[in-house]
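Note on naming: letters A, B, ... go to the chains in the order of the sequence lines (proteins, then strands), and numbering restarts at 1 for each one. The model shown is predicted, which means the values in this text are computed figures rather than measured ones.
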Amino acid sequence: MLEIKGLTAEVDGKPILKGIDLVVPQGEVHAIMGPNGSGKSTLSYVLSGRDGYEATGGEALFHGQDLLAMEPEERAAAGVFLAFQYPVELPGVGNATFLRTALNAIRRAKGESELDAMQFLKLARERMKALSMNDEMLKRGVNVGFSGGEKKRNEILQMALLQPKLAILDETDSGLDIDALKIVADGVNAMRGPNFSALVITHYQRLLDYIVPDRVHVLMGGRIVRSGGPDLAKELEAQGYGAIQAAA
Amino acid sequence: MTAAVQTGAAGFLARYQGLKDHLPGARLAWLAALRADAAAHVAARGFPTRRVEAWKYTDLSPVAQAGFAEPLTAVAGALTLPKPRAAARAVFVDGRFRADLSALNGLAYRVASVAQHLPELEGRLGALAPLAEHPMTALNTLIFEDGLVVDVPAGVDAGHLELLSIAVDPGRPFAFHPRHIIRLGAGAKLTLLETAMGSGAQYLHNPVFEIDLAEGAVLTHGRAQQEGEAAFHLSMIHARIAAEARYDTMAVSAGARLTRMEIHAALTGPKASCHMNSAQLAAGRALVDTTTALDHAAPDCASRQTCKTVLAGQSRGVFQGKILVRREAQKTDGYQMNQALLLSEEAEMDSKPQLEIYADDVKCSHGATIGALDADSLFYLRSRGVPVDQARSMLVQAFLHEAFEGLEDDMLREALTEAVDGWWGRHGAAS
């Protein structure tokens, strides 16, 4: 359960979020749609704790915990996962090492035993197969030399391994062809269940054909200006954000 | 005489005057003449100041101002040595060879104490180590007492050899100046791990290596500089690399308050090659300096150099890398990269690549970067639950990774990785 109340935030001293109110109940997938510059990515960064994205007011509670007071790694340990719009390349850090370090950090935080290299490989291969990923991607540097689609699949792989309670997918559909989009959507849909919720941030309705949300929210000018069912996404696709803006 | 120990060049010259009749090889005319020549250079130039171009970024005044006594002969048996990494091991305590601590029996090549073999080193000791431009080589020549002679005969694969230098705390500043003379015959091979470590005392370790590789010889030289934190480490390698021979060196500099690891290598025959990689790490107020000069004097030679510097606290780093490509060195393939990672806003890096190319058909590239840990990378790792200290450590290791590329020998890789990890353990979390 994610409860955001009156959240305001600024970047470089410029107000971007101007009072967000949003509740994502456990087990639900919500979409946030909005034009460029509406604050979508800022919201994802504020929720995951990136430096330079300062919350200036309001609150964000995750299962009752004050998310904004936590370090990024504490949020991850609590079960928050951000799938990056632009996954970072880490030359010199092997993807397998990275994935295992992350998984074991989360397992440690949950009080579970760490996986050794063999146990990890078995699990990783299983998850990768489901995402049509090549084993060889474990051997490379994190996201180094990955195509756009491979990077996004690597994000979904991380999600599948870390098993978060809340996934924030920041424009995960950008730069994906339709086959990759389906694979990514399948990866997210496979996670759906009573203990998983997601905030799917997207510019286009296309992704929502494959990940059908329980609710759709429209973010414009740093505020949620409309909320509705899955049909709202289709309405946006047909009429554009301008119509919403005029009505708001 | 109970007067205070003299400082600077005068102090070393006074020691030389007092000791010269007792230094090893004192009765060898050629060596006495060589030392007298060194004395003239030391007297004329003293310790270089920052006005000397080659020492512009590295201030030796803390060394010049310290008064060093000679090391006391260590008591046998009272030492804890790190676990051996190779079957063959030569141990030096305070610069003196210790046969009792070494393991050198049954080797197919010769490893011995310089002090015990000086007569036969005439024409060899000093042959690759010019005094005029190298004050630390002059100082070493003036007053060296011992060192290691390694002779690998032509065609012999000597395997692994460990050269361990330990400085033991005598409770007052002291200095030692080992002279190591290494020769590989045609087609010979050796993998050498050089480790320098010591106590918390203030001491100066001033080793000079003369490395002579005959045609087709291959020397792989790992260096773990893990001196005590008050130490000065000023080392010099003079290397001559003949046709088709290869000299690969990978240095980790992870100790001492002031370090300069300097290499002068000459590629003197066609298709010779040299790789000089280093990872230098400093914290607190330490200074680390990697200075290299590569002389491409023959055609079809290749050189590769990657120097990675990590600086925490108020430390300083220096990289000076000169590549000289002589007119006759056509088809030279040279690459040099130096990169520094500053973990604190107070750390400082000086970087001076220098290419001097006289041949017209060459491929030479170089690059330099200086920067902080990438905030996006750090956030990416933390967003996956990796605690901030561990995330920083991973990124520092990743930064250093490239310097270790091509290091295929497991023993060297393990020793050098441990040197880096040890440094990170002592300084990483605080930085």
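- Under the 6.0 Å cut-off for aromatic ring centres, Tyr380(B) and Phe98(A) qualify, their centroids lying closer than that.
- Enclosure of atom CD in Glu136(A) by more than 12 non-hydrogen atoms of other residues, nucleotides or ligands within 6.0 angstrom is indicated.
- Heavy atoms of Arg75(A) lying under 4.5 Å from chain B are absent altogether.
- The aromatic rings of Phe379(B) and Phe84(A) sit tilted, their planes meeting at an angle between 30° and 60°.
- If you measure heavy-atom distances from Leu395(B) to chain A, the contacts under 4.5 Å come from the side chain alone.
- Once rounded to the nearest 0.5 Å, the distance linking OG of Ser383(B) with CD1 of Ile168(A) reads 10.0 Å.
- Around the OH atom of Tyr335(B), the shell of radius 6.0 Å holds more than 12 heavy atoms that belong to other residues, nucleotides or ligands.
- Counting heavy atoms of neighbouring residues, nucleotides and ligands inside a 6.0 Å radius, atom NZ of Lys352(B) exceeds 12 of them.
- Counting heavy-atom neighbours within 6.0 Å of Asp116(A) CG, excluding the residue itself, gives a total above 12.
- For chain B, the option among Ala77(A), Gly49(A), Gly52(A) with the highest count of heavy-atom pairs below 4.5 Å is Gly49(A).
- Within the 4.5 Å cutoff, the side chain of Leu90(A) has no heavy atoms near those of the Met394(B) side chain.
- Between chain B and the residues Thr101(A), Ile106(A), Val93(A), the largest count of heavy-atom pairs under 4.5 Å involves Thr101(A).
- When the candidates Val80(A), Leu162(A), Val88(A) are compared by the number of heavy-atom contacts under 4.5 Å with chain B, Val88(A) comes out ahead.
- Annotation: maximal heavy-atom pairing with chain B below 4.5 Å, among Pro72(A), Ser48(A), Ala78(A), Ala76(A), occurs at Pro72(A).
- In this structure, the portion of Gln390(B) lying under 4.5 Å from any heavy atom of chain A is its side chain and not its backbone.
- Taking all atoms of both residues into account, the shortest heavy-atom contact from Ala105(A) to Pro387(B) is CB-CD, 4.2 Å.
- Under a cut-off of 6.0 angstrom, the local environment of CG in Asp66(A) is crowded, with over 12 non-hydrogen atoms contributed by other residues, nucleotides or ligands.
- Within 6.0 Å of the NZ atom in Lys110(A), the count of heavy atoms belonging to other residues, nucleotides or ligands exceeds 12.
- Taking CG from Leu82(A) and CZ from Arg384(B), the interatomic distance works out to 6.0 Å, rounded to the nearest 0.5 Å.
- Crowding of Arg413(B) atom CZ: a count of heavy atoms from other residues, nucleotides or ligands under 6.0 Å exceeding 12.
- Ion pair Arg382(B)/Glu74(A) not flagged as a salt bridge, since none of the NZ, NE, NH1 or NH2 atoms sits closer than 4.0 Å to an Asp/Glu carboxylate oxygen.
- With Glu73(A) as the partner, the side chain to side chain contact (heavy atoms under 4.5 Å, CB included) test is satisfied by one option alone out of Leu381(B), Val386(B), Val388(B): Val388(B).
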Query raised in the report: Given the rule in the side-chain contact (heavy atoms from CB on, under 4.5 Å) test, do Asp51(A) and Leu378(B) qualify, once you have shown the distances and angles that lead to the verdict?
Result: CA-CA 10 Å; Asp51(A) 275 348; Leu378(B) 199 58; over 6 Å; no

